[in-house]
*Asks:* 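I am attaching a structure below and will ask some questions about it afterwards.
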Amino acid sequence: MGTIAQKLQYTADAVDAIQQAIIDKGVEVPDGAALAEYAGKIREIGGTLRPEGYWGVSFHDFDGSLIKTEWVAPGGSVREFPAQPVHPEYPFLVPAGYNYIPEDLANVRHDYTVGAMYDTSDGKTHVIGKTTGASGTAFTLCFNRSGAGTLSVDLGNGSEVITTTATGVVQLPVDMGTPGEFHITVWMSAGSGTVGLGGNTEATTFIIESAKRGIVTGVFLGPKCILYDHAFRSFVCLEYVTFGSTFGAATVYNYALWDCRSLRFLALSRNITKLGVMSFPYRCAGYSFPVNTSDIGVETLKYSTGISHVVLPEAAVVLGTGLLNYSFTIDEITVGPKVTTINGTALSDIPGLKKLYMTALTPPTIAANFLTTTLNPQLRILVPAGCGEAYKNAPNWSALAAYITEMPGATGQP
């Protein structure tokens with residue numbers, strides 16, 4: 001192969017080529033990185049090709065951007081949680097880990113979507129947006145207060161802080177003065193009460209006037225917030241919502257984020273266990289449900305038309321009627337290992353569905369119409385190794401036998 005010098009040059013060129021190939025896949029490899037580091041860099045490559053029999057654990061930032069994807073063999077564990085991005089554009093955000101902890105990913109038996117958590121440094125809820133001459137600068141904020149204490153609102157425009165000790169539905173007319181970007185902060189300045197947003201009707205959204213709801217682009221929730229019914233319903237320009245690692249409620253109530261069609265990603269905090277009816281928006285590009293989310297309302301994720309792969313909550317036992325109905329862009333769905341019942345139309349009218357990962361060892365009880373009537377000819381229903389015959393012979397599953405295949409090495413939950 002030539003002289004020693006030629007061999008060394010050949011090796012150096014090969015290392016450079018490998019470095020560039022990794023960089024081309026979206027993973028940074030600094031100049032001077034030791035060759036021993038390259039294996040770890042290769043593992044960081046998300047890519048779109050799933051190694052046969054492996055599960056994917058993807059880490060996402062609050063805006064949905066991919067931080068890392070790691071492919072894990074069944075029963076294996078994630079090697080290392082990635083560092084969280086820092087956001088100097090939002091100086092009030094403090095990285096607070098992920099909505100999964102290493103123990104959650106120590107025995108990987110299905111896909112996971114992990115979300116980065118951010119707390120607010122001052123414990124307040126921050127709302128950002130922009131008013132224009134067309135939208136006007138005056139609108140009415142609405143709160144649903146409970147418990148003793150003082151609610152404070154700072155409009156961020158130099159005006160005095162608004163305070164109130166009223167409870168129940170509280171309406172606060174405000175005027176931002178000059179059109180432009182705004183930054184409102186809300187908090188309990190005294191007492192142990194909570195900052196409730198939303199109420200029993202759509203007239204109790206955070207901004208009452210429907211024509212003004214498009215001015216909000218980001219909501220960063222503090223620990224004493226609760227999203228009641230309709231909290232941010234039809235806030236069509238809302239791009240970001242962070243719940244924080246210690247979000248103050250275990251439930252996201254009905255329609256709380258419905259029709260927030262610009263939302264890029266939603267990562268729920270670990271203490272959220274229940275999702276209300278149609279509580280999430282359509283067109284959202286992704287979700288991260290923590291391991292404790294077990295109660296999913298009817299049509300919770302209906303019209304999810306901005307996402308291709310949905311990993312449903314691991315703790316879910318029942319998939320409700322119309323759960324992902326009419327989600328036309330989805331091509332992969334992962335159903336958790338604890339699901340025992342899938343109700344009618346839960347996964348119907350998803351014409352692009354090509355892979356349905358069923359990770360339960362025992363076939364769930366299903367309604368005959370849980371999938372769309374017209375199935376994608378490329379559909380594969382992938383079940384744990386050794387469970388193929390059980391699925392093919394189970395009631396209503398038998399009609400889908402031609403689509404059922406076993407996943408190599410994927411043996412489901414022990």
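For clarity, every value in this text was computed on a predicted model and none was experimentally measured.
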*Asks:* Please tell me if the side chains of Glu406 and Val383 come closer than 4.5 Å, counting only heavy atoms from C-beta onward.
*Replies:*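 Counting from C-beta outward, Glu406 and Val383 do come under 4.5 Å.
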*Asks:* Of the non-hydrogen atoms in Gly123 and Pro223, which two are nearest, and what is the gap between them?
*Replies:*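 The pair with the smallest heavy-atom distance is O-CD, 3.4 Å.
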*Asks:* Can you confirm whether Phe370 sits close enough to Leu400 that some side-chain heavy atom of one is under 4.5 Å from a side-chain heavy atom of the other?
*Replies:*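 SC-SC contact between Phe370 and Leu400 confirmed.
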*Asks:* For Thr113 and Phe265, run side-chain contact (heavy atoms from CB on, under 4.5 Å): C-alpha distance rounded to whole Å, both residues' side-chain angles, the deciding distance at 0.1 Å, then the answer.
*Replies:* CA-CA 11 Å; Thr113 302; Phe265 189 75; 4.0 Å; yes
*Asks:* Strictly by modelled atom types, are Asn369 and Thr345 linked by a side-chain donor-acceptor pair under 3.5 Å?
*Replies:*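 No, no side-chain donor-acceptor contact under 3.5 Å.
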*Asks:* Specify whether Phe59 and Phe81 have parallel, tilted or perpendicular ring planes, treating 30° as the upper limit for parallel and 60° as the lower limit for perpendicular.
*Replies:*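 Rings of Phe59 and Phe81: perpendicular, as their planes differ by over 60°.
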*Asks:* Is the CG atom of Asn393 crowded by more than 12 outside heavy atoms at less than 6.0 Å?
*Replies:*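 Yes - once you tally the heavy atoms of other residues, nucleotides and ligands closer than 6.0 Å, there are more than 12.
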*Asks:* Nearest 0.5 angstrom please: Cys260 SG to Leu238 CG, how far?
*Replies:*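 So the SG of Cys260 and the CG of Leu238 are separated by 5.0 Å.
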*Asks:* So which atom in Val236 and which in Asp259 form the shortest heavy-atom distance, rounded to 0.1 Å?
*Replies:*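 Between these two residues, the closest heavy atoms are CG1-O, 3.8 Å.
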*Asks:* Judged by modelled atom types alone, do Ser146 and Thr194 share a side-chain donor-acceptor pair under 3.5 Å?
*Replies:*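 Yes - a donor-acceptor pair under 3.5 Å links their side chains.
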*Asks:* Could you tell me whether the side chains of Asp111 and Tyr54 share a donor-acceptor contact shorter than 3.5 Å?
*Replies:*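 No, no side-chain donor-acceptor contact under 3.5 Å.
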*Asks:* Which value, rounded to the nearest 0.5 Å, describes the distance between Leu105 atom CG and Ser77 atom OG?
*Replies:*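 Here the rounded value is 8.5 Å.
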*Asks:* Is there a donor-acceptor contact under 3.5 Å from the side chain of Asp229 to the main chain of Asn254?
*Replies:*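 Yes, the answer is positive, given that a donor and an acceptor are paired below the 3.5 Å cut-off.
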*Asks:* Give a yes or no answer on whether the side chain of Arg261 reaches the backbone of Leu263 with a donor-acceptor pair at less than 3.5 Å.
*Replies:*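 Answer holds: no.
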*Asks:* Is the shortest side-chain heavy-atom distance between Val252 and Ile272 below 4.5 Å?
*Replies:*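 Val252 vs Ile272: side chains touch.
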*Asks:* Would a 4.5 Å heavy-atom cut-off, applied to side chains only, mark Leu275 and Leu268 as touching?
*Replies:*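 Leu275 reaches Leu268 side chain to side chain.
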*Asks:* For the residue pair His309 and Tyr357, categorise the inter-ring angle as parallel (less than 30°), tilted (30 to 60°) or perpendicular (more than 60°).
*Replies:*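 Ring orientation, 0 to 90° scale: tilted.
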*Asks:* How many angstroms lie between atom CG of Asn157 and atom CD of Glu181, to the nearest 0.5 angstrom?
*Replies:*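 It is 14.0 Å, given to the nearest 0.5 Å.
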*Asks:* Look at the side chain of Asn396 and the backbone N and O of Ile366, then say whether any donor-acceptor pair between them is shorter than 3.5 Å.
*Replies:*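 Yes: the side chain of Asn396 pairs with the backbone of Ile366.
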*Asks:* In terms of side-chain heavy atoms, does Asn325 have a donor or acceptor partner in Ser348 at a distance below 3.5 Å?
*Replies:*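 Their side chains do contain a donor-acceptor pair, which is all the 3.5 Å distance test asks for.
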*Asks:* Is Asp119 reaching over with its side chain to a backbone N or O of Ser245, donor-acceptor style, under 3.5 angstrom?
*Replies:*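 Yes: the side chain of Asp119 pairs with the backbone of Ser245.
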*Asks:* Is a side-chain donor or acceptor of Ser304 paired with a backbone partner of Leu301 at a separation under 3.5 angstrom?
*Replies:*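 At least one qualifying donor-acceptor pair exists.
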*Asks:* Taking the side chain as every heavy atom from C-beta outward, state whether Val216 and Ile207 have any atom pair closer than 4.5 Å.
*Replies:*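 In short, these two side chains touch, coming nearer than 4.5 Å.
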*Asks:* Might you work through the salt bridge (Lys or Arg N to Asp or Glu O under 4.0 Å) test for Glu70 and Arg79, ending with a clear yes or no?
*Replies:* CA-CA 8 Å; Glu70 185 170 319; Arg79 297 179 184 88; 3.2 Å; yes
*Asks:* How far apart are the C-alpha atoms of Leu319 and Thr341, what are their side-chain angles, what is the distance that settles it, and do they pass the side-chain contact (heavy atoms from CB on, under 4.5 Å) test?
*Replies:* CA-CA 6 Å; Leu319 302 187; Thr341 304; over 6 Å; no
*Asks:* Atom CG in Leu172, atom OG1 in Thr164: separation rounded to 0.5 Å?
*Replies:*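 Leu172 CG to Thr164 OG1: 6.5 Å, rounded to 0.5 Å.
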*Asks:* Within the distance-only criterion (no hydrogens, no angle test), does the side chain of Lys68 pair as donor or acceptor with the backbone N or O of Glu80 below 3.5 angstrom?
*Replies:*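 Such a contact is found between Lys68 side chain and Glu80 backbone.
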*Asks:* So, does Thr321 use its side chain to make a donor-acceptor pair with the main chain of Asn343 at under 3.5 Å?
*Replies:*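 A pair under 3.5 Å: no.
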*Asks:* Check whether the side chains of Thr69 and Ser58 place a donor and an acceptor atom closer than 3.5 Å, and report yes or no.
*Replies:*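 Thr69 vs Ser58: no donor-acceptor pair found between side chains.
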*Asks:* Counting distance only, does the side-chain N/O of Trp71 pair as donor-acceptor with the main-chain N or O of Gly56 below 3.5 Å?
*Replies:*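 Looks like no, no N/O pair under 3.5 Å.
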*Asks:* Checking ring pair (Phe, Tyr, Trp, His ring centres under 6.0 Å) between His126 and each of Tyr118, Phe220, Phe92, Trp187, which is the one that passes?
*Replies:*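 Option passing the ring pair (Phe, Tyr, Trp, His ring centres under 6.0 Å) with His126: Phe92.
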*Asks:* The test is ring-ring contact (aromatic ring centres under 6.0 Å, His included); show your working for His110 and Tyr112 and say whether it passes.
*Replies:* CA-CA 7 Å; His110 58 85; Tyr112 288 87; 4.2 Å; yes
*Asks:* Any side-chain heavy-atom pair from Ile184 and Asp154 closer than 4.5 angstrom?
*Replies:*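 No, their side chains stay 4.5 Å or more apart.
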*Asks:* Test your reading of the model: is there a side-chain donor-acceptor pair from Glu314 to the backbone of Gly336, 3.5 Å cut-off?
*Replies:*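 No, the answer is negative, given that no donor and acceptor are paired below the 3.5 Å cut-off.
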*Asks:* Measure the CG-OG1 distance between Leu312 and Thr293 for me, rounded to the nearest 0.5 Å.
*Replies:*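 Here the rounded value is 11.0 Å.
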*Asks:* Please identify which of these residues, Tyr287, Tyr253, Trp258, Phe232, meets the ring pair (Phe, Tyr, Trp, His ring centres under 6.0 Å) condition with Phe280.
*Replies:*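 With Phe280 as partner, ring pair (Phe, Tyr, Trp, His ring centres under 6.0 Å) holds for just one option, Tyr287.
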*Asks:* Does Ile333 form a side-chain contact (heavy atoms from CB on, under 4.5 Å) with Leu353? I'd like the steps, not just the answer.
*Replies:* CA-CA 8 Å; Ile333 299 173; Leu353 184 61; 3.8 Å; yes
*Asks:* For a quick test of reading the model, state the closest non-hydrogen atom pair linking Ala315 to Ser294 and the distance between them.
*Replies:*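 Smallest interatomic distance, heavy atoms only, reads O-CB, 3.6 Å.
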*Asks:* Looking at every non-hydrogen atom in both residues, tell me the closest pair between Pro364 and Trp397 and how far apart they are.
*Replies:*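 Closest approach of Pro364 to Trp397: O-NE1, 2.8 Å.
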*Asks:* Would you tell me whether Asp61 and His87 have side-chain atoms, one donor and one acceptor, within less than 3.5 Å of each other?
*Replies:*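 Yes, because at least one side-chain N or O of Asp61 sits under 3.5 Å from a partner of the opposite role on His87.
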*Asks:* Decide whether Tyr403 and Arg380 meet the rule of one side-chain donor and one side-chain acceptor closer than 3.5 Å.
*Replies:*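 No, because no side-chain N or O of Tyr403 sits under 3.5 Å from a partner of the opposite role on Arg380.
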*Asks:* Provide the closest heavy-atom pair for Leu361 versus Tyr391 in the form atom of the first, atom of the second, distance.
*Replies:*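 Closest approach of Leu361 to Tyr391: O-CE1, 4.3 Å.
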*Asks:* Between CG of Leu375 and CD1 of Ile350, what distance do you get to the nearest 0.5 Å?
*Replies:*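 It is 11.0 Å, given to the nearest 0.5 Å.
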*Asks:* Give the C-alpha distance, both sets of side-chain angles, the deciding distance and a yes or no for side-chain contact (heavy atoms from CB on, under 4.5 Å) between Leu197 and Asn144.
*Replies:* CA-CA 6 Å; Leu197 305 175; Asn144 192 344; over 6 Å; no
*Asks:* Indicate whether any N or O donor in one side chain lies under 3.5 Å from an N or O acceptor in the other, for Thr137 and Asp175.
*Replies:*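 Note: Thr137 and Asp175 side chains meet the donor-acceptor criterion.
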*Asks:* Are Glu239 and Arg264 close enough, and set up right, to give a salt bridge (Lys or Arg N to Asp or Glu O under 4.0 Å), and what steps lead you there?
*Replies:* CA-CA 6 Å; Glu239 296 183 55; Arg264 302 187 185 187; 2.6 Å; yes
*Asks:* Check the surroundings of atom OH in Tyr326: do more than 12 heavy atoms from other residues, nucleotides or ligands lie under 6.0 Å from it?
*Replies:*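 Not more than 12 within 6.0 Å, no.
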*Asks:* Check whether any side-chain heavy atom of Val57 sits under 4.5 Å from a side-chain heavy atom of Val114, and report yes or no.
*Replies:*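 Yes, close enough: below the 4.5 Å cut-off.
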*Asks:* Are the side chain of Thr132 and the backbone N or O of Gly180 linked by a donor-acceptor pair below 3.5 Å?
*Replies:*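 Absent.
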*Asks:* Going by heavy atoms in the side chains, are Ser152 and Met188 under 4.5 Å from each other?
*Replies:*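 A side-chain contact under 4.5 Å is absent here.
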*Asks:* Sort and list the pairs that fulfil side chain to side chain donor-acceptor pair (under 3.5 Å) and have at least one residue in residues 203-226, not counting sequence neighbours.
*Replies:*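 Listed once each, the pairs are Thr140-Glu209, Glu202-Arg213, Thr205-Arg213.
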*Asks:* Should Asp104 and Arg270 be marked as a salt bridge (Lys or Arg N to Asp or Glu O under 4.0 Å) after you check the CA-CA gap, both sets of side-chain angles, and the distance that decides it?
*Replies:* CA-CA 11 Å; Asp104 298 332; Arg270 289 178 61 80; 2.5 Å; yes
*Asks:* Between Ser269 and Gly244, what is the shortest heavy-atom contact and its length?
*Replies:*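 Nearest pair, atom of Ser269 first, then Gly244: CB-O, 2.9 Å.
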